[in-house]
Amino acid sequence: MSKTHGAPAHFHARRHFLSGMTALASLAACGGNSLPRASGVTDRQIGVAPGVSLHVRDWPSARGGSDDVIVLLAGLGANAHAFDSLAPALARRHRVLAITRRGYGSSSKPTPASDASYAPATLVADLLAVLDALKVPRIILAGHSIAGNELTLFAGSHPRRVRGLAYLDTTFDYLASGGYEEPAPTPYDEPPPGQADLASLDASIAYARRINKQWWPALEANWRDALEVLPDGSVRPNTPPAIARAMDVAAHNFSPDYRRVRAPALIVTVDPGTLRNLFPWLLQADPATRAAAQEVLDFIRPLRLADGERLAAALPGSSHLVMRNGFHSDFFIEYESTVVDAIEAMRWEGLQ
């Protein structure tokens, strides 16, 4: 298989997708699920460093009490609204905190001063500061996609603060997979927003609807929280390009050490299965492009499954759930009840 139509092209396309405008939409999530939900959420700004605060969405447990806590970390480009559906479903039994990393959404966006500014170690220090500020002693830590780095580093560095981990379609080792590479155009890239698509918030939402597999209210909430509305009514991402790049570089050049993890872990691996679950914007493309994209899909599916198995092997005693025909960006919404059931079925460590 040629490089253009093989795995490298796929990874370039996905990285471009996750780093650009559409990451703001596709990594968000929302709810159309029928699971009962806890009511009420409190939005907080928690200081984590001088001049830096993080946006935290805090759902109380429907059962009362605040000791049983799940923390949710979104994928690259997303913010706390990514879990506006999953969080209230989990809050039937747990207090749930969804945290927006520095650099995104309504959290502070300090200018990168060095390679460490947005490195996983900095993000983990931010998480610890949030937990200390809210006086949360131990957590079940769940993270989507790129957040797997933070799960592994936090659990290894602060084992007494972790009751368990939930890896939601993460990658075993980004650095071992090649590390950061500058995005290169491919035939599979989503159509970029034109000037008309950025002319207003409504126009940008219409654009997002066209390129996404699904669209729900919380997806829109995440989209809105990731945009800046300019004086003329046009919009742009509220994450400056330098920050987006710093986060992307640091995440993809990190190699996690699973040997330090002692907490029980749930691993969820998503098998896309169809083009609609990998490149939804290509469904109306010409036959040749669709055929080439199908080659990429056929190539990547066994790699993703093997990656999940490698992660499970690195965490002895972990539970591994493979979800078929899911979209990486919103499977925890489309199959919300399955994800919630898997989390609830785990035997997490005790509260004390």
Side-chain angles (χ1 to χ4, degrees), residues 1 3 5-19 23 26-27 73-78 120 141-156 164-181 183 186 188 248-261 263-275 277-279 293-332 334-335 338-339 342-343:
M1 183 173 293
K3 183 174 181 178
H5 293 135
H10 166 75
F11 286 122
H12 280 308
R14 291 301 293 171
R15 188 168 300 166
H16 176 72
F17 174 65
L18 296 173
S19 299
S26 67
L27 287 176
L73 302 178
L76 188 69
L141 182 57
H144 176 227
S145 193
I146 205 81
N149 287 340
E150 290 146 88
L151 266 64
T152 306
L153 183 57
F154 187 85
L165 302 170
Y167 291 85
L168 303 178
D169 206 32
T170 63
T171 292
F172 176 74
D173 190 326
Y174 289 100
L175 184 60
S177 298
Y180 179 80
E181 297 178 30
T186 80
Y188 320 117
D248 198 359
V249 171
H252 284 90
N253 287 338
F254 178 76
S255 184
D257 184 359
Y258 296 100
R259 296 169 300 178
R260 301 176 64 196
V261 175
L266 168 66
I267 297 159
V268 179
T269 301
V270 175
D271 173 12
T274 68
L275 283 182
N277 290 316
L278 191 64
F279 303 117
Q294 184 65 47
E295 286 187 46
V296 173
L297 173 66
D298 293 342
F299 190 87
I300 204 65
R301 287 181 64 194
L303 295 182
R304 286 301 303 146
L305 294 173
D307 191 81
E309 291 169 359
R310 189 178 181 191
L311 177 54
L315 297 171
S318 59
S319 295
H320 188 196
L321 171 64
V322 176
M323 303 187 69
R324 307 288 179 179
N325 293 313
F327 188 36
H328 170 75
S329 301
D330 70 0
F331 72 91
F332 51 87
E334 183 175 7
Y335 301 107
T338 302
V339 173
I343 291 174

Shortest non-hydrogen pair, Phe172 vs Ala314, comes out as CE1-CB, 3.6 Å
OG1/Thr170 to CG/Leu151 distance, rounded to the nearest 0.5 angstrom? 7.5 Å
So, taking the atom named CD1 in Ile343 and the one named CG in Leu168, what distance separates them when rounded to the nearest 0.5 Å? 6.0 Å
Measure the spacing between CG of Leu73 and OG of Ser145 and express it to the nearest 0.5 Å. 12.0 Å
Minimum side-chain heavy-atom gap Pro272-Arg301 below 4.5 Å: yes
Listed once per pair and sorted, the side-chain hydrogen bond (donor to acceptor under 3.5 Å, both in side chains) pairs that draw on residues 312-323, sequence neighbours left out: Thr269-His320
The reported gap from CD in Gln294 to OG1 in Thr274 (rounded to nearest 0.5 angstrom) is 8.5 Å
Minimum heavy-atom separation for Ser255 and Leu175, please, with both atom names. CB-CD2, 3.9 Å
Got Met323 and Val339 here, is their nearest side-chain heavy-atom distance under 4.5 Å? yes
Lys/Arg-Asp/Glu bridge criterion (N-O < 4.0 Å) met for Asp173, Arg310: no
Please evaluate residues Thr171 and Arg304 with respect to the criterion side chain to side chain contact (heavy atoms under 4.5 Å, CB included), reporting the C-alpha separation (whole Å), side-chain torsions for both, the decisive distance (0.1 Å), and the verdict. CA-CA 8 Å; Thr171 292; Arg304 286 301 303 146; 3.6 Å; yes
Any side-chain heavy-atom pair of His252 and Glu181 under 4.5 Å: no
For the atom pair CG (Asn253) and OH (Tyr180), what is the distance rounded to the nearest 0.5 Å? 9.0 Å
Ignoring hydrogens, what is the shortest heavy-atom contact between Ala293 and Phe279? Give both atom names and the distance. CB-CD1, 4.0 Å
Would you check if the side chain of Tyr335 reaches a backbone N or O of Asn325 as a donor-acceptor pair within less than 3.5 Å? yes
With distance as the sole test, does Asp169 use its side chain to make a donor-acceptor pair with the main-chain N or O of Val270 at under 3.5 Å? yes
Taking it one step at a time, do Leu321 and Thr338 satisfy side chain to side chain contact (heavy atoms under 4.5 Å, CB included)? CA-CA 10 Å; Leu321 171 64; Thr338 302; 4.1 Å; yes
Using the rule given for side chain to side chain contact (heavy atoms under 4.5 Å, CB included), can you reason through Leu165 versus Phe154, listing the C-alpha separation, both sets of side-chain angles and the distance that settles it, and then say yes or no? CA-CA 10 Å; Leu165 302 170; Phe154 187 85; over 6 Å; no
Could you tell me which non-hydrogen atom of His328 sits nearest to which non-hydrogen atom of His144, and how far apart they are? O-NE2, 2.8 Å
With Val268, which of Phe331, Tyr167, Phe332 fulfils side-chain contact (heavy atoms from CB on, under 4.5 Å)? Phe331
Give a yes or no answer on whether the side chain of Tyr188 reaches the backbone of Leu278 with a donor-acceptor pair at less than 3.5 Å. no
Smallest separation among heavy atoms of Ala147 and Ala74, with atom names: CB-O, 3.7 Å
State the OG1-CG distance between Thr152 and Leu315, to the nearest 0.5 angstrom. 7.0 Å
